[in-house]
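Okay, so here's the structure we're looking at.
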Amino acid sequence: MARMTQNLLGGPPPTELPDNTEARTALEDGVDPFEVAARHPGYPGAWAELADRAFANGSVIDSYAFARTGYHRGLDMLRRAGWKGHGAVPWEHEPNRGFLRALHALGRAAAAIGEDDEAERCKTFLRDSSSTAADVLNGP
């Protein structure tokens, strides 16, 4: 007889995105994130990197656009992985980090341009997805 596994927390299981080894290692090897995004437009990590760089250079609108792209590409991946609109997206699973970084970058850029509702929504979504990611990305 088959045993059923019960989720004692009452929510869906954590979602773990598949790895894109080629895109991830290209970024790790220092390939320009514009090139990585062009070759792998579905890879949220490249868009998150572009968003972070743009924000650091004071280009908040560019950061917002890059982050929104990474966020939506990440949502597409989450849905394909079985995510139903809620539940954990663990930071501890490396392939999830691009999406979580893009989500954080979107909230940061939204706050910088005074889009307070979007900034708060992103902050809540990040914390609900991964408290570890929220702590790591928001710093001490």
Side-chain angles (χ1 to χ4, degrees):
M1 175 173 13
R3 278 182 63 193
M4 287 183 50
T5 303
Q6 182 179 4
N7 184 340
L8 299 177
L9 299 177
T15 302
E16 294 185 348
L17 296 176
D19 194 12
N20 182 331
T21 307
E22 186 179 344
R24 180 178 44 78
T25 56
L27 284 177
E28 290 170 355
D29 291 345
V31 175
D32 187 320
F34 280 102
E35 187 177 325
V36 177
R39 287 187 184 169
H40 306 277
Y43 183 62
W47 298 105
E49 184 64 28
L50 289 168
D52 287 346
R53 287 183 180 192
F55 195 85
N57 290 328
S59 299
V60 177
I61 297 300
D62 291 343
S63 179
Y64 184 91
F66 291 138
R68 182 155 298 282
T69 301
Y71 166 77
H72 282 288
R73 294 300 186 134
L75 286 178
D76 292 343
M77 291 178 70
L78 284 168
R79 289 181 184 114
R80 283 192 302 272
W83 184 76
K84 302 290 187 212
H86 65 283
V89 182
W91 174 263
E92 294 79 6
H93 182 67
E94 169 71 29
N96 290 350
R97 291 183 182 184
F99 166 72
L100 295 166
R101 287 180 55 219
L103 175 57
H104 172 261
L106 180 59
R108 178 184 61 206
I113 63 172
E115 194 177 0
D116 297 335
D117 289 346
E118 176 79 346
E120 188 58 37
R121 184 187 67 76
C122 290
K123 182 179 177 180
T124 300
F125 187 7
L126 182 63
R127 172 92 27 218
D128 290 349
S129 297
S130 171
S131 60
T132 301
D135 291 343
V136 168
L137 296 169
N138 290 318

Quiz item: Relative to the ring of Phe34, is the ring of Phe66 parallel (under 30°), tilted (30 to 60°) or perpendicular (over 60°)?
Solution: perpendicular
Quiz prompt | From CZ (Arg108) to CG (Asn138), nearest 0.5 Å | solution = 10.0 Å
Quiz item: To the nearest 0.5 Å, what is the distance between CD (Glu28) and OG1 (Thr21)?
Solution: 9.5 Å
Practice problem: Hey, could you give me the CG/OG1 distance between Leu50 and Thr69, rounded to the nearest 0.5 Å? | Solution: 9.5 Å
Exercise. Might you point out which heavy atoms bring Pro44 and Gly74 nearest each other, and give the distance in Å?
Key: CG-CA, 4.0 Å
Practice problem: Apply salt bridge (charged side-chain N to carboxylate O under 4.0 Å, His left out) to Asp19 and list each qualifying residue two or more places apart in sequence or on a separate chain. | Solution: Arg24
Practice problem: Measure the shortest side-chain to side-chain distance between Pro12 and His86 over non-hydrogen atoms and say whether it is less than 4.5 angstrom. | Solution: yes
Self-check item: Side chain proximity check, Tyr71 to His104, heavy atoms < 4.5 angstrom
Solution: no
Quiz item: Do the side chains of Val89 and Ser130 get nearer than 4.5 Å, heavy atoms only?
Solution: no
Show me the donor-acceptor pairs within less than 3.5 Å that the side chains of residues 54-65 make with the rest of the protein, sequence neighbours left out.
from: Asn57; atom 1: ND2; to: Arg53; atom 2: O; distance (Å): 3.2
from: Ser63; atom 1: OG; to: Ala51; atom 2: O; distance (Å): 2.8
from: Tyr64; atom 1: OH; to: Arg68; atom 2: NH2; distance (Å): 3.0
from: Tyr64; atom 1: OH; to: Glu115; atom 2: OE1; distance (Å): 2.9

Self-check item: Shortest non-hydrogen contact from Ala102 toward Ala48
Solution: N-CB, 3.7 Å
Quiz item: Are Tyr43 and Phe99 connected in a single hydrophobic cluster, I mean Ile/Leu/Val/Met/Phe/Trp/Tyr linked by side-chain heavy atoms less than 4.5 Å apart?
Solution: no
Quiz item: Has the side chain of Asn96 got a donor or acceptor atom that lies under 3.5 Å from a matching backbone atom of Thr15?
Solution: yes
Self-check item: Same apolar cluster: Leu100 and Trp83, side chain cutoff 4.5 Å
Solution: yes
Self-check item: Smallest separation among heavy atoms of Ala119 and Gly107, with atom names
Solution: CB-O, 3.6 Å
Quiz item: If you look at every heavy atom in Ala134 and Leu126, which pair is closest and at what distance?
Solution: CA-CD2, 3.8 Å
Quiz item: Does Arg127 come within less than 4.0 Å of Asp135, counting only side-chain N to carboxylate O?
Solution: yes
Quiz item: If we only count heavy atoms from C-beta on, is the Ile113 to Glu118 side-chain gap below 4.5 Å?
Solution: no
Self-check item: Euclidean distance, Leu75 CG relative to Phe125 CZ, rounded to 0.5 Å
Solution: 5.5 Å
Quiz item: Are the side chains of Thr132 and Pro90 in touch, meaning some heavy atoms are under 4.5 Å apart?
Solution: no
Practice problem: Report whether Trp47 and Met77 are members of the same hydrophobic cluster (ILVMFWY, side-chain heavy atoms less than 4.5 Å apart, transitive linking). | Solution: no
Quiz item: Should the heavy atoms of other residues, nucleotides or ligands under 6.0 Å from CD of Glu94 be counted, would the total exceed 12?
Solution: yes
Quiz prompt | Rounded distance (nearest 0.5 Å) linking atom OG1 of Thr124 with atom CZ of Arg121 | solution = 9.5 Å
Quiz item: Which distance, rounded to the nearest 0.5 Å, do you find between the CG of Leu27 and the NE2 of His40?
Solution: 9.0 Å
